[in-house]
Engineer: 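Following this message is one structure expressed as structure tokens.
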There are 2 protein chains.
Amino acid sequence: MVNQASESTQESPSDMPAEISGLRMTRQRWEVYRLLLEQRDHPTANDVFMRVKDRLPNISLATVYNCLEALVQHGAIRQVNFERESSRFCPNLEEHGHFHDKRSGTIHDVTFKPGVQLADVLELPPGTLITDIEITLRGELPTAHS
Amino acid sequence: MVNQASESTQESPSDMPAEISGLRMTRQRWEVYRLLLEQRDHPTANDVFMRVKDRLPNISLATVYNCLEALVQHGAIRQVNFERESSRFCPNLEEHGHFHDKRSGTIHDVTFKPGVQLADVLELPPGTLITDIEITLRGELPTAHS
DNA sequence: AGCTTGTTCAAGAATAATTCCAATTTTCAT
DNA sequence: ATGAAAATTGGAATTATTCTTGAACAAGCT
């Protein structure tokens, strides 16, 4: 396969940064990242794979996984897990949880009320160092007509 | 294999209930459940499998999965997920989260401070129905000598 | 006790998400 | 431009879990 070269070096948009927080920004990583910024519906790796093919027809699923992992490790995006389902990915870096609406199957970001810190409401030994928090809710959002 | 019969009907302890919340209590389910009650270190299905073999040498991993699923569905135990690791199982039915200590690899139950309801501290549309909550933290517990 | 019907169990095959691997290609610094 | 290091690719491999099938079992009835 020879046309991969042309795909990878082709027309990298001028707004594509050389790197994000120390991560070398390749064409593939950039397109994956941009897609997540533009479509904030918490896609799975496979969703990203199918969508990003529009722009990078030759990208492989393994590369999508690699890109997502790199972006997560460099803090550019977050990985979200619901039960044992496929991981989903989210460019919202603020501290927030996720609400899974059973009715529509959609996932929504949920923030704390102003001034609330999770560490303040949990019973933890003093001196505990929290490096990562994950909050997931399942339920039903109110219907418009109720 | 014929000795399954003898194993299954053998000496069901007199304190084994006929059922738990509508779930027919078989020897296998009972041993799995009892093990979880006695060893509250959040074992995986495979951990349970290896441990329960002491009492039921012929039990299969599939049966352990079946038992755990049945117990979860009938509300007797909870299934806990950390990232994409194997599910872990927990007999603590009170609302609580889980703290994963990076230093020791152990998992600890975390409760809310008295009077706190998670729904009170989150920004959710009024009328939202929450059916399930999962809170997981990762970090380091303070050392004894610090 | 024996029959019937629905449930559970065991063993292994199958599945799905993810990771690994080796070869090629790209990137970046020189 | 060149070479070393890093990234990409496609496919194979892995892992946790679920599915499948037939045998064993339990419960209710006669």
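Convention: sequence-line order gives letters A, B, ...; per-chain numbering from 1.
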Engineer: Measure from CE on A:Met25 to C1' on D:dT8 and round the result to the nearest Å.
Structural biologist: 15 Å
Engineer: If you look at every heavy atom in B:Glu95 and B:Arg78, which pair is closest and at what distance?
Structural biologist: CA-NH1, 4.4 Å
Engineer: For B:Glu69 and D:dT18, give me the distance from atom CD to atom P, rounded to whole Å.
Structural biologist: 6 Å
Engineer: What residues join B:Leu93 in its hydrophobic cluster, counting side-chain heavy atom gaps under 4.5 Å, either direct or through other members?
Structural biologist: none
Engineer: Over how many whole Å does the gap from A:Leu23 atom CG to D:dT8 atom C1' extend?
Structural biologist: 14 Å
Engineer: Can you confirm whether more than 12 heavy atoms, excluding those of B:Glu38, are under 6.0 Å from its CD atom?
Structural biologist: yes
Engineer: What integer distance in Å separates B:Glu83:CD from D:dT15:C1'?
Structural biologist: 17 Å
Engineer: In terms of side-chain heavy atoms of A:Arg29, which of D:dT9, D:dC19, D:dA7 is nearest?
Structural biologist: D:dA7
Engineer: Of the options C:dA11, D:dG10, D:dT17, whose atoms approach the side-chain atoms of B:Tyr65 most closely?
Structural biologist: D:dT17
Engineer: Please tell me which of B:Val64 and B:Arg84 maps to the more 5' nucleotide of DNA chain C, matching each residue to the nucleotide holding its nearest heavy atom.
Structural biologist: B:Val64
Engineer: Atom CG of B:Leu61 and atom P of D:dT15: how far apart are they, to the nearest Å?
Structural biologist: 14 Å
Engineer: Starting at atom CD of A:Gln28, determine the distance to atom C1' of C:dT25, rounded to an integer number of angstrom.
Structural biologist: 10 Å
Engineer: When the distance from CG of A:Asn66 to C1' of C:dT18 is rounded to whole Å, what number comes out?
Structural biologist: 11 Å
Engineer: Hey, which sits more toward the 5' end of DNA chain D by its nearest nucleotide, B:Arg24 or B:Ser87?
Structural biologist: B:Ser87
Engineer: Could you tell me the separation between the CG atom of B:Leu137 and the CG atom of B:Asp101, rounded to the nearest 0.5 Å?
Structural biologist: 11.5 Å
Engineer: What residues from residues 37-51 of chain B pass a heavy-atom cutoff of under 4.0 Å to DNA chain C?
Structural biologist: none
Engineer: Salt-bridged, A:Arg24 to A:Glu19, with N to O below 4.0 Å?
Structural biologist: no
Engineer: Which nucleotide in the list C:dA10, D:dA7, D:dT9 gets nearest to the side chain of B:Thr63?
Structural biologist: C:dA10
Engineer: Tell me whether the centres of the aromatic rings in B:His98 and B:His42 are closer together than 6.0 Å.
Structural biologist: yes
Engineer: Rounded to the nearest angstrom, tell me the gap between atom CD in B:Glu85 and atom P in C:dT19.
Structural biologist: 12 Å
Engineer: List the atom pairs, donor and acceptor, that lie under 3.5 Å between side-chain atoms in residues 61-77 of chain A and the rest of the protein, sequence neighbours left out.
Structural biologist:
unit_1  : atom_1 : unit_2  : atom_2 : d
A:Thr63 : OG1    : A:Ser60 : OG     : 3.0
A:Asn66 : ND2    : A:Ala62 : O      : 3.4
A:His74 : ND1    : A:Ser21 : O      : 3.4

Engineer: Would you mind telling me which of D:dA16, C:dT18, C:dC9 lies closest to the side-chain atoms of B:Thr26?
Structural biologist: C:dC9
